[in-house]
Amino acid sequence: MVFAAPGDALSRAEGVLDTDPPPLHASVAHQVIGIWQRDWGDMRLALDHLRRARDLAARAESAEREADVLGTLGVALVHAGRTRQGLAAFERGVERGTGHTRARVLYRRAYSLWVLGHHREALEDLRRTIPVLRQADDVIWTARALTLRATVHLALGAVDRAEADFTAAEALWDTTGQEHDKADAVESRGLAAFRSGDVPAALRLLDEAQERYAKLGTPTFMLDIRRCEVLMAAGLAPEALALADAATGVLDGIGGQSTRKAELLLAAARAARLAGDPATAIARAAVAERLFAGQRRTWWETHARLVLIEARVATGRASGRLVADAAGLAERLAAFQAPAAPEAWLLAGRIALELDWSTDAERYLRRAAHSRRSGPPLARMTGWAAQALWARATGSRRGVLEACRRGLDVLDDHRTTLGASELRARATAQGAELAALAQQVSLEGGGPRQLLVWSERWRATALSTPPTRPPADPALLSGLTAFRVIAARAEAARMDGRPVPTLEREQRRLEREIRSRTLHIRGVTPAPWGGDRFGGDRFDAGLLLERLGDGRLVELAVLDGRVQVLLCGGGRVRRFAGGLLAEAEREAEHVQAGLRRLAHPGADSRLPVVEAAGRRLEELLLGDAAGQLGPGPLVVVPPARLHRVPWALLPALRDRVVSVSPSASGWLRARLTEPPPGGRHVLVRGPGLASCGAEVPEVAGRYGRPVVLEADDARVPRVLEELDGAALAHIAAHGTFRADSPMFSSLRMADGPLIVHDFERLARSPYRIILSSCDTARLASVGADELLGLVTALLPLGTAGVVASSAPVNDEAVVPLMLALHKGVSAGLPLAEALRDARAALPDDALHRATGWAFTAFGAA
């Protein structure tokens with residue numbers, strides 16, 4: 001009962017003890033309380049109750065009862081870090097018990113051996129246990145033993161064997177009322193899905209297990225550890241670190257299991273390393289290593305040591321001692337048959353390369369490269385990274401590029417399993433090293449065209465296909481509606497000066513729920529608008545040059561922190577040297593600050609400062625290419641970290657037709673995108689604008705009979721219905737960018753925020769869309785070179801052109817810009833050309849010039 005209804009079992013056991021029971025019954029009651037405290041409470045109390053249960057069993061002269069308690073006590077002692085005492089308790093339990101009871105003790109010892117990392121010994125105990133439990137028709141304990149055996153198989157990388165045992169266990173669990181064990185089975189299924197490379201299924205199953213545990217009111221430390229592992233693989237390392245640290249704090253607060261604390265610290269160390277925080281990684285890994293050593297958990301201690309060395313290398317340390325340590329760890333991990341062994345070989349090879357120990361590096365990298373042929377995607381990526389590094393060390397440029405290509409192909413296949421655009425974008429971080437290595441080799445000896453191809457190979461790949469979404473997911477729709485209601489109420493309360501902590505908590509809860517449901521979605525690899533032959537490594541530089549015609553495209557690649565300018569046009573690709581990326585980023589921030597000031601009247605004195613920053617940006621980002629751009633239209637393809645540059649501010653671009661695209665491939669797709677039939681025009685005016693969206697009534701007169709949504713008509717469901725498949729949409733509404741959660745960036749409608757997740761539900765977003773409010777072009781840089789935000793949500797869904805602002809703007813100054821812009825659009829001009837002409841038509845004062853610079857045309861329509 002303690003695993004079917006833990007709270008009820010605890011109350012019943014305490015009630016038994018209140019009745020002055022005989023020793024046999026008291027032993028059972030103390031054992032139940034000990035189990036509850038062991039798994040969900042204070043280990044000190046658990047050990048106290050279990051020792052009393054053991055003594056009472058001896059007084060009752062029941063060898064079978066004593067053996068059963070010793071099995072439970074052994075688990076508790078191991079979890080408390082008293083490994084030697086725990087194993088001794090198991091030995092005594094095996095001696096005292098017979099038949100069915102002994103099988104249960106062996107199961108518990110197998111579980112503890114798994115906790116300790118002694119996987120082969122655990123399988124041997126399970127081999128002896130399962131037939132006896134089956135013969136006794138003990139359904140619950142047979143299901144537990146099968147679940148445990150599956151989990152051990154997973155630790156050894158035997159996913160198929162694990163799946164078979166999980167399937168058999170689930171069939172048994174369906175016949176029982178063991179709710180905690182059922183939740184554990186779902187959790188284990190999530191781990192199996194993760195080990196097989198299915199991240200969305202893993203997240204879905206772990207969330208389901210969390211819901212089951214919540215109904216039982218039990219803590220979930222093991223689940224937290226597994227969730228951390230999946231979050232790290234999904235590119236969400238900061239979230240994994242926060243989760244691990246929070247769970248450690250809870251565990252410390254209740255005096256919980258020492259073994260779980262060590263595992264949580266290891267998870268936190270790995271997450272900190274992946275999040276680029278080596279100091280935190282070192283601190284967490286060092287404590288975990290000490291705890292594992294004290295618990296005699298060599299398998300775990302070795303893994304903690306691996307993270308510790310990786311973090312130290314990340315701080316710039318490299319020494320012969322670290323090479324030897326990493327190689328020794330790799331040998332031990334290989335002996336354990338641990339899936340992390342290739343990672344350790346790769347680490348040893350990296351350090352050896354840095355020290356120019358070529359012979360050692362070759363040996364280690366070759367061992368790591370064995371993983372490139374089989375296993376889950378990230379393990380194969382490790383193998384291809386090792387292969388690429390060795391080819392680089394031996395001077396084989398072709399070998400480097402082939403290994404990089406094959407490794408990125410593996411990651412491409414992995415990304416197609418991810419339905420959520422956020423996960424696809426973040427997953428690209430796994431390929432950043434391979435992409436950078438291929439670019440570096442191309443820069444050194446491959447020529448500008450090859451560098452362009454490799455720059456495109458891993459640029460904005462998450463935008464090459466639309467996000468996948470289930471058909472009309474009722475739970476997601478309900479969550480989005482509830483979120484909108486709560487967010488609108490919170491906004492109204494803030495405007496009235498009322499406190500909103502309760503509403504904000506509910507809003508955050510709904511955001512987590514919506515995000516979770518979208519992360520569960522599995523990819524189905526739909527073809528992007530215009531076909532997929534321009535995505536990934538199928539990018540055709542020749543086709544790009546052909547489509548450019550008299551125009552030019554500037555792609556900015558970043559290698560070793562310096563901008564490389566690739567100027568495409570006139571039938572060739574040329575390379576120019578730019579400045580340092582860090583300096584350009586600082587200058588872009590200065591420009592943004594200046595534009596914020598200029599959005600308010602009376603800041604004219606800031607104009608020369610902003611213009612000077614624009615000149616410095618031009619030197620850093622274009623270099624000598626600024627004088628080679630020719631007279632035609634220009635497409636700029638910046639790296640993700642420069643997405644906020646107001647390109648029209650650069651002197652060489654100020655009077656030009658300029659559009660921006662996340663990638664050259666994306667620009668080609670936009671060029672090939674056909675407008676939807678019907679040519680519907682939709683104009684939306686949201687609440688609260690200082691200008692009241694004054695341009696909307698005048699713009700409406702240019703388009704015959706457009707759909708105009710304002711006041712109560714400008715509600716999210718109606719707006720989405722009209723936007724779907726429109727030829728042109730103009731939305732005048734307050735924009736809010738969420739740096740902490742870019743998929744919840746929004747436009748304010750009459751009934752609340754219209755968020756990025758809402759736009760992703762469109763079957764096809766408008767062919768052209770003009771967003772006339774602040775910050776609608778602000779994006780978050782994630783993954784290798786990806787962007788998340790409103791604009792990038794629209795581009796994969798059929799939008800070929802967007803006009804949006806990357807800075808706060810003056811609502812009233814926006815009105816004449818929008819009127820001039822629509823004058824050009826209604827006359828048949830592309831968005832970029834119409835925007836250029838609209839800037840020229842504005843009054844020549846600081847406020848209007850800054851307003852014009854803040855807006856950018858994206859895409860090719």
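None of these values were measured; they are calculated from a predicted model. Basis for what follows: all heavy atoms, side chains included, without hydrogens, waters or symmetry-related copies. All residue numbers in this chain count up from 1 along the given sequence.
Each of Arg457, Arg372, Arg380 was compared with Asp409 under the salt bridge (charged side-chain N to carboxylate O under 4.0 Å, His left out) criterion, and only Arg457 meets it. The one candidate from Glu589, Glu585, Glu786 that meets the salt bridge (charged side-chain N to carboxylate O under 4.0 Å, His left out) condition with Arg641 is Glu585.
A 4.5 Å side-chain heavy-atom check between Leu545 and Arg572 finds every atom pair outside the cut-off. Taking the side chain as every heavy atom from C-beta outward, Val554 and Phe576 never approach each other to under 4.5 Å. Contact check for Arg764 versus Thr673: side-chain heavy atoms found under the 4.5 Å cut-off. Counting heavy atoms from C-beta on, the side chains of Glu555 and Arg459 come closer than 4.5 Å. Considering only heavy atoms from C-beta on, Val782 stays 4.5 Å or farther from Leu787 through its side chain. Residues Leu389 and Glu433 form a side-chain contact, since some pair of their non-hydrogen atoms from C-beta on lies under 4.5 Å apart. Using a 4.5 Å cut-off on side-chain heavy atoms (C-beta onward), Val199 and Thr417 make no contact. Between Pro808 and Arg596 there is a side-chain heavy-atom pair separated by less than 4.5 Å.
Of all heavy-atom pairs between Pro638 and Ser661, the closest is CD-O, 3.6 Å. Nearest heavy-atom pair, Val791 versus Ala777, reported as atom, atom and distance to 0.1 Å: CG2-CA, 4.0 Å. The two residues Ser745 and Arg738 have their closest heavy-atom pair at OG-N, 3.0 Å. Leu559 and Gln564 get closest at one heavy-atom pair: CD1-CG, 4.1 Å. Across all their heavy atoms, Ala857 and Val658 have their closest contact at CB-O, 4.0 Å. Counting all heavy atoms, side chain and backbone alike, Ala664 lies closest to Phe539 at CB-CE1, 4.0 Å.
His822 contributes no side-chain N or O that, together with a main-chain N or O of Val699, makes up a donor-acceptor pair within less than 3.5 Å. At distances below 3.5 Å, not a single donor-acceptor pair connects side-chain atoms of Arg522 with backbone N or O atoms of Pro200. Checking side-chain atoms of Arg768 against main-chain N and O of Leu728 turns up no donor-acceptor pair under 3.5 Å. A side-chain donor-acceptor contact under 3.5 Å links Asp758 to the backbone of Ile755. Of the possible polar contacts, one joining the Ser371 side chain to the Ala379 backbone as a donor-acceptor pair under 3.5 Å is found. Side-chain atoms of Ser442 come within 3.5 Å of backbone N or O of Ala438 as a donor-acceptor pair. Counting only distance, with no hydrogens or angles, the side chain of Ser773 and the backbone of Ala733 share a donor-acceptor pair below 3.5 Å. Between the side chain of Arg552 and the backbone N or O of Val635 there is no donor-acceptor pair closer than 3.5 Å.
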Working for side chain to side chain donor-acceptor pair (under 3.5 Å), residues Glu695 and His730: CA-CA 10 Å; Glu695 76 271 18; His730 176 106; 2.9 Å; yes
Working for side-chain contact (heavy atoms from CB on, under 4.5 Å), residues Leu788 and Met743: CA-CA 7 Å; Leu788 290 177; Met743 302 301 285; 4.1 Å; yes
Chi angles and distances behind the side-chain contact (heavy atoms from CB on, under 4.5 Å) call for Leu817, His848: CA-CA 8 Å; Leu817 178 70; His848 288 90; over 6 Å; no
Val803 vs Leu771, side-chain contact (heavy atoms from CB on, under 4.5 Å): CA-CA, chis, key distance, verdict: CA-CA 6 Å; Val803 168; Leu771 303 169; over 6 Å; no
Working for side-chain contact (heavy atoms from CB on, under 4.5 Å), residues Thr428 and Leu411: CA-CA 8 Å; Thr428 60; Leu411 197 48; 5.6 Å; no
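Arg671 contributes atom CZ, which lies 10.0 Å from atom CG of Leu543 (distance to the nearest 0.5 angstrom). Here the CD-CG distance, from Glu546 to Asp540, works out to 8.5 Å after rounding to the nearest 0.5 Å. A distance of 8.5 Å separates OG1 of Thr382 from CD of Gln430, quoted to the nearest 0.5 Å. For the atom pair Cys774 SG and Leu595 CG, the distance stands at 11.5 Å (nearest 0.5 Å). A distance of 9.5 Å separates CG in Leu423 from CD1 in Ile521, rounded to the nearest 0.5 Å. The distance from the CZ atom of Arg406 to the CG atom of Leu408 is 12.0 Å, given to the nearest 0.5 Å.
In this structure, Asp412 does not pair ionically with Arg405, as no charged nitrogen and carboxylate oxygen lie closer than 4.0 Å. Salt-bridge annotation for Arg654 and Glu618: absent, with no side-chain N of the basic residue lying under 4.0 Å from a carboxylate O of the acidic one. Under the 4.0 Å criterion applied to side-chain N and carboxylate O atoms, Asp724 and Arg680 are not assigned as salt-bridge partners.
For Asp624, the CG atom is loosely surrounded, since the number of other residues' heavy atoms within 6.0 Å does not exceed 12. Other residues, nucleotides and ligands place more than 12 heavy atoms under 6.0 Å from the CZ atom of Arg702.
Gln450 and Arg397 form a side-chain donor-acceptor contact under 3.5 Å, judged by distance and modelled atom types alone. Side-chain contact check for Thr518 and Glu422: no donor-acceptor pair (N or O, by modelled atom type) lies under 3.5 Å.
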